[in-house]
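For reference, positions follow the sequence shown, starting with 1. All ligand and atom numbering here is 1-based and tracks the order in the structure.
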Amino acid sequence: MAPRVPNKRISVIGGGGMVGAATVNALILKGVAAELLIVDVAPKAAEGQALDIADASSTPPGRPSYPQKPGEPRSKLLGTNKSIMNDICTQMQPIRPDMKILVVANPVDVLTHIVWQSSKLPKNQVFGSGTYLDSGRLRSQIASMIDVHPQSINAYVLGEHGDRQFVAWSAARIQNTPLLDHPKLKGIELDSIRQEVMRKAYAIIEAKRSTYFGIGMCSATIAESVLNNTQEVYPLVHWVEAHQAYISWPCTVGSNGVDQSFDVPLNEQEQKALGVAVAAIKDMVKEAESIEEPRKD
Ligand SMILES: NC(=O)c1ccc[n+]([C@@H]2O[C@H](COP(=O)([O-])OP(=O)(O)OC[C@H]3O[C@@H](n4cnc5c(N)ncnc54)[C@H](O)[C@@H]3O)[C@@H](O)[C@H]2O)c1
């Protein structure tokens, strides 16, 4: 679909679905120079998306199957999506040792761990979109409250891409100024901002069944950083040694995958929230590991 560039191939697995199609569309709109491969267990859906996107439409047809349902926590998706991830990794064998895998399927924190185990790739080559999208939503929300461009606001949602996510308020900055010193934020209930950001995915799902344009653009941006080795910092799900877990945390991403993971100074309350998120993710990983795979024969 895009110009053929040696060694620059992006395979969008599940590309017949909404998120996959939105990602392919965003990659094309951003002009990411790579060969794009749309892979799907439903080849007709993949073909349909490819034809539609080739017409430069940004409204792919609906085919909901495994995404979240209205009101459903992401953790409910665990069993089904674990088995899909394992199938995909099996089908991708032999996996090139330099492959990078960006996981988007939910619950993304746990599935990134599963894909790492299943792919047998080094930890830094497997990462997930995590709270990148949530952090963008947070910055937009704050921007509208204080009349500062979102790109000038450095604020992260961290921990879990789910109900245990938290905002690192004490580390948030407008350029070098602590965000919370902004006069327009005085007296504001910060937790209501966190909750609004967290509930946005549920609100979109309630209204139109699934979310895909935002995550499609995030995925395309991350893929672009890998291909162009930009080393930009995003809050992605990656392996954080200090916590011995795949969690959403700021890191650089480039052609090796995740290179550097950063320390974020947290206050006591934020550290507690981080502890809760890490424990929840570890519990879900244990739960996922205990789910029996259905027999394939
Ligand atoms: N991380 C985020 O911020 C975020 C945001 C939105 C959606 N999601 C997640 O993304 C995932 C996809 O959502 P969607 O709305 O695109 O769903 P969808 O049902 O529209 O698409 C899923 C696609 O995957 C395909 N598929 C299933 N098993 C496969 C396999 N073994 N190999 C290849 N393809 C396979 C299906 O045929 C389908 O076309 C869900 O898990 C959803 O929860 C994550």
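For ligand 1 and His161, the ligand atoms under 4.0 Å from any heavy atom of the residue are 1 (N), 2 (C), 3 (O). Listed by atom number, the atoms of ligand 1 under 4.0 Å from Gly14 heavy atoms are 23 (C), 24 (O), 25 (C), 34 (N). Annotation for ligand 1: atoms under 4.0 Å from non-hydrogen atoms of Gly16 are 39 (O). Those atoms of ligand 1 with a heavy atom of Ile84 less than 4.0 angstrom away are 28 (N), 29 (C), 31 (N). Those atoms of ligand 1 that come under 4.0 Å of a heavy atom in Ala105, given as number and element, are 9 (C), 10 (O), 11 (C), 41 (O). For ligand 1 and Asp40, the ligand atoms under 4.0 Å from any heavy atom of the residue are 23 (C), 24 (O), 25 (C), 26 (N), 33 (C), 34 (N), 36 (C), 37 (O), 38 (C), 39 (O). Atoms of ligand 1 lying under 4.0 Å from at least one heavy atom of Val19, given by number and element, are 6 (C), 7 (C), 10 (O), 13 (O), 14 (P), 15 (O), 16 (O). Numbered from 1 in the order shown, with element, the atoms of ligand 1 that lie under 4.0 Å from a heavy atom of Ser129 read 1 (N).
Taking the six-membered ring for Trp and thresholds of 30 and 60 degrees, Trp239 and Trp116 have ring planes inclined between 30 and 60 degrees apart.
Listed for the Lys208 side chain is no donor-acceptor partner under 3.5 Å among the backbone atoms of Glu206.
Taking 4.5 Å as the limit, some side-chain heavy atom of Ser219 sits within range of a side-chain heavy atom of Leu102. Taking the side chain as every heavy atom from C-beta outward, Val41 and Asp87 never approach each other to under 4.5 Å.
Listed by first then second residue, pairs satisfying side-chain hydrogen bond (donor to acceptor under 3.5 Å, both in side chains) with a partner in residues 141-156 read Gln141-Glu196, Asp147-Lys184, not counting sequence neighbours.
Here's the thing with Ser210: none of its N/O atoms is less than 3.5 angstrom from an N/O atom of ligand 1. Not one N or O of Thr211 is nearer than 3.5 Å to an N or O of ligand 1, by distance alone. Residue Gly20 places no N or O, backbone or side chain, under 3.5 Å from any N or O of ligand 1. For the pair Gly17 and ligand 1, the shortest N or O to N or O distance falls below 3.5 Å. No N or O atom of Gly130 sits closer than 3.5 Å to an N or O atom of ligand 1.
Every residue two or more places apart in sequence or in another chain was checked for a side-chain hydrogen bond (donor to acceptor under 3.5 Å, both in side chains) with Asp181, and none qualifies.
Cluster annotation: Phe213 is not connected to Val197 through the hydrophobic network of ILVMFWY side chains, with a link wherever side-chain heavy atoms come within less than 4.5 Å. Hydrophobic clustering of Ile, Leu, Val, Met, Phe, Trp and Tyr side chains at less than 4.5 Å, counting indirect connections, unites Leu158 with Leu274.
Look at Glu224 and Lys30 and you find a salt bridge, because one of the NZ, NE, NH1 or NH2 atoms lies within 4.0 Å of a carboxylate O, short of that distance.
With a 4.0 Å cut-off on non-hydrogen atoms, Val104 touches ligand 1 through its backbone as well as its side chain.
Under the 6.0 Å cut-off for aromatic ring centres, His113 and Tyr246 qualify, their centroids lying closer than that.
Considering Asn86, Val41, Asp109, Val237 only, the shortest heavy-atom separation from atom 33 (C) of ligand 1 involves Val41.
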